[in-house]
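Notes follow the structure.
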2 protein chains.
Amino acid sequence: MTTSHRPPLRLAAIGIDHGHVFDHVRGLTAAGAEFVGYCPDSTVPGLVEQLARAYPDARPQPRQALLDDPQIDIISICAVPSQRAGLAMQAMRAGKDTIVDKPGVTTFEQLEAVQRTVRETGRIYSVCFSERLCVPSAVHAGERVAAGEIGRVIQTIGLGPHRKGRARPDWFWRMEDVGGILVDIASHQIDQFLHYTGAATAEVQASAVGNFGTPEHPRFEDYGEVLLHAPQGRGYVRVDWFTPDGLPTWGDGRLTILGTEGYIELRKYIDIAGRSGGNHLFISNRDGTRHIPCEGLPLPYFAALARDVHERTETAMSQRHVFEVCRLSLQAQQQARRLGALEAAA
Amino acid sequence: MTTSHRPPLRLAAIGIDHGHVFDHVRGLTAAGAEFVGYCPDSTVPGLVEQLARAYPDARPQPRQALLDDPQIDIISICAVPSQRAGLAMQAMRAGKDTIVDKPGVTTFEQLEAVQRTVRETGRIYSVCFSERLCVPSAVHAGERVAAGEIGRVIQTIGLGPHRKGRARPDWFWRMEDVGGILVDIASHQIDQFLHYTGAATAEVQASAVGNFGTPEHPRFEDYGEVLLHAPQGRGYVRVDWFTPDGLPTWGDGRLTILGTEGYIELRKYIDIAGRSGGNHLFISNRDGTRHIPCEGLPLPYFAALARDVHERTETAMSQRHVFEVCRLSLQAQQQARRLGALEAAA
């Protein structure tokens with residue numbers, strides 16, 4: 001996606017505390033960027049080594065050296081969630097655009113500070129909502145919705161189960177570090193609600209967080225829900241950390257988009273006990289009911305972001321959308337009813 | 001299921017305004033009952049004729065003659081929803097037990113009157129929540145939940161899309177006759193929430209009804225939602241009349257039961273663009289992820305109800321459960337936020 005008359009985008013990574021860094025690097029290099037360097041500080045054993053093996057040409061460097069390097073255009077930030085906003089602001093103040101793992105912020109104060117920094121620096125603060133932007137079936141669903149194949153969208157239901165896993169860094173269990181389950185993983189689903197309904201904003205009608213199955217970490221939120229309202233339609237979100245051991249992938253992520261003339265169901269990562277692979281799109285409308293395999297379809301976000309960096313546009317995702325997803329996630333988290341062990345502890 | 005020392009149960013039907021009468025007659029006759037008569041009054045063209053052809057030994061009779069017949073044990077009532085409670089009370093006052101199509105009541109006043117009648121007569125008022133009781137995969141899910149295969153149930157998500165169809169009686173469009181979409185079809189889902197979580201009661205945390213796609217009947221509710229809360233867990237319900245023309249059955253009814261150690265998904269009536277037939281149960285837990293076909297598995301409700309009639313027990317479904325589903329449906333309907341054309345009209 002680079003054109004002959006401009007140099008490739010130069011990318012560096014700081015705050016390597018989540019494997020999503022691979023999404024950013026893979027996506028942007030596929031769009032023509034060069035991954036030139038990274039700060040090797042990390043809380044996750046083995047992650048930096050894995051990155052170094054995958055990208056031997058990228059040089060480990062101190063964070064400040066990367067921020068000071070005028071050759072670097074864009075910084076990927078996948079730090080501990082509570083530190084992402086601070087790093088992104090440093091990067092923007094140093095003149096860099098940013099691609100940030102979700103959640104981009106964990107408090108309203110951070111959101112306000114990031115918004116001010118974007119205003120003052122004119123830099124890009126893009127949060128990569130990977131459960132849409134890195135999922136070909138989710139991208140393709142947007143195209144079919146835009147083509148009017150299911151009429152007007154009136155509701156989305158997003159289910160985001162995740163596997164707790166056995167080797168998590170300490171911060172994973174500390175809600176002040178991740179911002180809470182709704183900020184952390186429901187932000188994906190809120191992004192999708194706004195995207196598919198076309199709503200610019202929404203209201204959190206109800207939300208809840210719970211601890212139903214993690215007594216060893218009594219403040220951990222292993223369950224969350226959000227009920228969203230917009231004039232365009234309704235959104236229901238359930239996220240959790242209850243993926244069973246016997247599921248052959250990390251989570252049975254689903255999205256159902258209900259329109260006035262049809263609906264779409266995504267089985268994003270697995271078609272349980274069914275077809276192989278992920279990215280299964282099902283559509284039912286007046287013309288019939290079909291399965292559309294989407295594995296390998298393009299992910300236009302990264303090329304669009306690379307172009308935005310060069311051309312100072314915002315085609316990959318509007319800045320307003322990013323901030324609205326952040327705001328709604330924080331709002332849902334703040335007003336959440338506390339369930340299970342959290343209710344007892346409240 | 002009848003035993004040799006007692007005569008078969010004798011069944012009659014009054015208020016034949018919904019095809020669910022076939023569920024009642026088929027289920028109870030399969031459990032050994034005799035279908036002896038019916039009152040031929042109906043608002044639905046062809047329905048009584050269809051019943052007469054299917055059961056040529058049953059005699060058409062005036063309603064009062066059936067109620068006065070001491071040989072008749074149980075009365076099936078599938079009248080216009082707003083008339084069901086009145087007919088059921090007449091039947092109970094005449095000494096009959098009743099099996100009533102959902103919704104059993106359409107107002108709080110009806111609910112109170114029915115409760116009083118049950119108390120005073122000692123008769124059975126059973127509402128046949130067919131989307132569980134007549135669906136083998138839903139029955140089987142209950143057995144697997146009871147066996148502990150997914151741990152403790154913490155949430156259910158019930159989706160009940162229905163096809164509006166083109167030949168509906170006038171009362172179908174009048175919300176005062178059906179009680180509203182939540183009373184009418186979300187009652188199925190509320191029944192399931194209580195059943196699978198084991199909750200005796202619940203709280204309606206949020207609910208909504210909307211008209212998003214039926215401008216020709218501006219007061220018709222084609223969309224509904226309920227968010228339920230119980231100490232045992234949470235329940236989300238979406239019902240609608242948006243089944244697309246291209247879906248090969250009346251609705252893609254789904255149920256997801258999330259437990260602390262696994263989950264179950266039901267594709268009750270269709271596995272879209274997939275396996276043939278209905279009643280597909282999927283289970284994922286520590287042992288793996290499997291598809292279990294449930295077509296043809298038994299529906300124990302009817303034999304249990306027949307036994308209850310003989311033995312004056314309440315094994316098919318507790319009377320308290322029936323009334324709690326009715327109460328929650330009415331509550332959800334009463335407090336529902338109004339969406340789409342209904343919001344504009346409010």
Side-chain angles (χ1 to χ4, degrees), chain A residues 150-155 157 159 161 205-206 208 210 212-214 222-223 225 227 229 231-234 236-238 240 242-249 252 254 256 258-263 265 270-275 280-292 337 339-340 343, chain B residues 150-155 157 159 161 205-208 210 212-214 222-223 225 227 229 231 233-234 236-238 240 242-249 252 254 256 258-263 265 270-275 280-292 337 339-340 343:
Chain A
I150 59 168
R152 190 164 43 84
V153 172
I154 55 177
Q155 197 217 22
I157 297 179
L159 305 185
Q205 187 171 344
F212 288 116
T214 317
D222 58 23
Y223 180 88
E225 274 179 290
L227 183 61
H229 174 83
Q232 289 81 356
R234 303 278 289 186
Y236 175 73
V237 170
R238 188 201 78 205
D240 66 76
F242 284 107
T243 290
D245 288 348
L247 191 84
T249 188
D252 183 6
R254 304 275 188 111
T256 302
L258 177 65
T260 50
E261 294 169 40
Y263 65 97
E265 178 188 0
I270 185 170
D271 178 30
I272 49 170
R275 300 162 185 84
H280 301 282
L281 185 154
F282 299 83
I283 184 167
S284 183
N285 58 18
R286 71 182 59 180
D287 301 326
T289 300
R290 284 165 298 149
H291 166 247
I292 299 166
R337 182 170 182 162
L339 308 173
E343 185 186 13
Chain B
I150 59 168
R152 190 164 44 84
V153 172
I154 55 177
Q155 197 217 21
I157 298 179
L159 305 186
Q205 187 171 343
S207 62
F212 288 117
T214 316
D222 58 24
Y223 180 88
E225 274 180 288
L227 183 62
H229 174 84
R234 304 276 290 185
Y236 175 73
V237 169
R238 188 201 79 205
D240 66 76
F242 284 107
T243 290
D245 288 348
L247 192 84
T249 187
D252 183 6
R254 303 277 187 109
T256 303
L258 177 66
T260 50
E261 293 169 40
Y263 65 97
E265 178 188 0
I270 185 170
D271 178 29
I272 50 170
R275 301 162 184 83
H280 301 281
L281 185 153
F282 299 82
I283 183 166
S284 183
N285 59 17
R286 70 182 59 180
D287 302 326
T289 300
R290 285 165 298 151
H291 167 246
I292 298 166
R337 182 171 183 163
L339 308 173
E343 185 186 11

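The model shown is predicted, which means the values in this text are computed figures rather than measured ones. Throughout, protein chains are lettered first and strands after them, A, B, ... in sequence-line order, and every chain is numbered starting at 1.
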Revision key, fill the gap. Comparing A:Asp245, A:Ile272, A:Thr260 against chain B, the one with the most heavy-atom pairs below 4.5 Å turns out to be A:Ile272

Review point. Between B:Leu247 and chain A, which part of the residue has a heavy atom less than 4.5 Å away: side chain, backbone, both or neither?
Key: both

Exercise for review: Measure distances from B:Leu339 to the heavy atoms of chain A and classify the residue's part below 4.5 Å as side chain, backbone, both or neither.
Suggested key: side chain

Practice item. Examine whether an atom of B:Ile150 lies under 4.5 Å from a heavy atom of chain A, and if so say whether it belongs to the side chain, the backbone or both; otherwise answer neither. Key: neither

Review point. Top residue by heavy-atom pair count (under 4.5 Å) with chain B, among A:Tyr236, A:Phe282, A:Tyr223, A:Phe242?
Key: A:Tyr236

Exercise for review: Give the C-alpha distance, both sets of side-chain angles, the deciding distance and a yes or no for side-chain contact (heavy atoms from CB on, under 4.5 Å) between A:Arg238 and B:Arg234.
Suggested key: CA-CA 10 Å; A:Arg238 188 201 78 205; B:Arg234 304 276 290 185; over 6 Å; no

Check your understanding: Which pair of non-hydrogen atoms, one from B:Ser284 and one from A:Gly246, has the smallest distance, and what is that distance?
Key -> OG-C, 4.2 Å

**Study point:** Test item: A:Leu159 and B:Tyr263 side chains (from C-beta on) under 4.5 Å apart, heavy atoms
**Key:** no

Practice item. Looking only at non-hydrogen atoms, find the nearest pair between B:Pro248 and A:Thr289 and report the distance. Key: CD-OG1, 3.8 Å

Review point. When only pairs under 4.5 Å are counted, which of A:Asp252, A:Asp287, A:Asp222 shares the most heavy-atom pairs with chain B?
Key: A:Asp252

Revision key, fill the gap. If one checks every heavy atom of B:Ile270 against chain A at 4.5 Å, the contacting part turns out to be neither

Exercise for review: Would you mind telling me which of A:Arg286, A:Arg275, A:His291 has the largest number of heavy-atom pairs within less than 4.5 Å of chain B?
Suggested key: A:Arg286

Exercise for review: Could you give me the CA-CA distance, side-chain angles and deciding distance for B:Gln205 and A:Glu225, then say whether side-chain contact (heavy atoms from CB on, under 4.5 Å) is met?
Suggested key: CA-CA 12 Å; B:Gln205 187 171 343; A:Glu225 274 179 290; over 6 Å; no

Check your understanding: Is a side-chain N or O of A:Arg152 found less than 3.5 angstrom from the main chain of B:Phe212, in a donor-acceptor match?
Key -> yes

Check your understanding: Heavy-atom distance under 4.5 Å to chain A: side chain of B:Asp240, backbone, both or neither?
Key -> side chain

